[in-house]
There are 2 protein chains.
Amino acid sequence: MPHTATVTALSDHHARNEGDGMQRILAAALDLFAIHGFDQVSVNAIADKAGVSKANVFHHFKSKNDLYLATLREACRETRESLDVLSGTDGDIGERLTRYMREHLLAMLRNEQETRLVLREVLDNSPGKARALAEDVFKDRFEILVGVIRECQSKGLLRDGIDPAFVAVMLTGANVFYFQSREIMRHFPGIDFATEPERYSEKFMDVLLNGIGVK
Amino acid sequence: MPHTATVTALSDHHARNEGDGMQRILAAALDLFAIHGFDQVSVNAIADKAGVSKANVFHHFKSKNDLYLATLREACRETRESLDVLSGTDGDIGERLTRYMREHLLAMLRNEQETRLVLREVLDNSPGKARALAEDVFKDRFEILVGVIRECQSKGLLRDGIDPAFVAVMLTGANVFYFQSREIMRHFPGIDFATEPERYSEKFMDVLLNGIGVK
DNA sequence: GTCTATATCGGGATAGAC
DNA sequence: GTCTATCCCGATATAGAC
C-alpha cells in the first residue's frame, strides 16, 4: 500500500510510475523480502509488484542475490540515518535515556520494512548473504547506546555495580522484542500497550529506573 | 551432533539406527528445519540425514508440509513439558521469579532446536503453517509467568503501580532476545555474559528488582 | 516399509528482438 | 531499457517393483 499508492501522474517525461524502473524494483523487493524472507520471494513476484518483466529485473541486477544485497544496503543506509538524530540529543538525568528509547522504538516502527529486513539478517543465524552489513548497523546502535549510558553513569545517575554493556543489551532487546511480538501480544489478555509503543516505553523506563521491588 | 551421535549397536531386531524410520526422519527434520528454515531444507536432505530414501519420507508423511507440522507438534510438546517443572517451584520473595528466569533461559538453551523452531514460527509474521500451535506454547508460558508475578505482587513484594502483564513481557523478551542474539554478542566489545547465561540472568534480576537509578 | 525410477512444476537466469 | 520466449535445474510428489 505505501510505495505504489502515491502514483499521481506527475506529467513526467517517460510516464508510468514514480521513479525509474530500478527504484521501483528496489521498493518492491524491500517490501517482499522484509515480509516473507529471501527464498520465499520469487523474482517473478518482485517483477509483478514493480510492474516490470522478470527479464528486466535481471537487466538491472545480475542475480537475485545481487538484488537482495542492494536492497539490504539501502535499508541499512536509511536505518543509519535515523540514528543520527539520536546522538545529538542532550538533556538532564535519565531523561536522555528515556528519549533515546522512545525515539528508537518509534523509528523502528516508522521504518518497519527496513527494520524487519535488517533484523532478519542479524538474528537468523544463517551464515549467508551479508550479515556483516546488517551487523554493522546493529553494532553502531549498540555502541551509541553504551556511550549514552556511560555518560549517565559518569554523572552519577546510575547505581554502582551497573554494567553499561548489559543495560545496553537490555534496552535493545526490549525494543527489538516489542517490534517482533507486538502483533502476537494483541491476542494476549491484559496487555494494554500492544498498539501503543509510547506506553510500552513509559512502563519500561519506570521499571528500569526504579525496579519492581518495594522501596 | 546430538541425536544421531548415540547410535551404539543395540543388538536390536532389524538393526540400523535408533528408533524406527519415522522417528529418525522426525529427528533429522527437527535439526534441519530449526537451523535453516522450512523452505531451505529439501526432502532429499532430510532423507539423507535420516538414512532413508526420499520416497520413504513421503510414505510416512503425505507431504513436506505435513512432516513440518509433525515436527513442530513434537517440538511444542517437549517445550511444554519443560514448562511443568517451573510451575511447581515454591519459595520466598522474588527468589521464585529469579529461579523461573534462570531455568527458563537454561531450558531454551538446552532444547535449542525446538526453541528455534517454535520461535521462528511465532515471530515470523507469516500467516503460514501452524502459528496457532507455536503461539499456544508461547501463551502458556506467558500466562504461567503472569501468575507467578501476580502471586509475588499479592504478597506485597512488588511496588505499587507495576503492571504484571508488562513485567511478564519484559522477562520473556529478555530471555528470547538473549537466545536470539548471544552469537552476535560474542563479537561485541565489553560483553562478559554472551557465553554465560547464568551471569546474564543474575544481572537482569538485579536491574529488574532494584532498578538502575541511585537509591 | 523400503527402494529405483519418473512425472511435473516452478525457480533463476539467458538470448535476442524492439 | 524493456519485452517474449526459452533453457536448465532442483524440488515436490507419484508409480510401481521388491
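Every heavy atom of this structure was used, including side-chain atoms; hydrogens, water molecules and symmetry mates were not. Naming convention: chains lettered A, B, ... in sequence-line order (proteins, then strands); numbering from 1 in each chain.
- At the heavy-atom level, Val41(B) lies under 4.0 Å from the strands shown only through sugar-phosphate atoms.
- Separation of the Tyr200(B) and Phe166(A) ring centroids falls under the 6.0 Å cut-off.
- Contact of the Arg141(A) side chain with the Thr172(A) side chain is not registered, since no non-hydrogen atoms from C-beta on lie closer than 4.5 Å.
- Listed pair His59(B) / dC3(C) fails the phosphate criterion, with no side-chain N or O lying under 4.0 Å from OP1 or OP2.
- Among dT12(D), dG12(C), dT4(D), the nucleotide with an atom closest to any side-chain atom of Ser42(B) is dT12(D).
- A salt bridge links Arg99(B) to Glu95(B): one of the charged nitrogens lies within less than 4.0 Å of a carboxylate oxygen.
- Listed candidates were dT2(D), dT4(D), dG12(C). Nearest to the side chain of His60(A) is dT2(D).
- Base contact: Ser53(B) has a heavy atom under 4.0 Å from a base atom.
- Atom CG of Asp66(A) is separated from atom C1' of dG12(C) by 14 Å (rounded to the nearest Å).
- Seen from the ring of Phe58(B), Lys64(B) does not count as a face-on cation partner, given the 6.0 Å and 45° thresholds.
- Nearest to the side chain of Ala55(A), among dT4(C), dC3(D), dG12(C), sits dC3(D).
- Regarding contacts with the backbone of dG1(D), every side-chain N or O of Asn56(A) stays at 4.0 angstrom or more from both OP1 and OP2.
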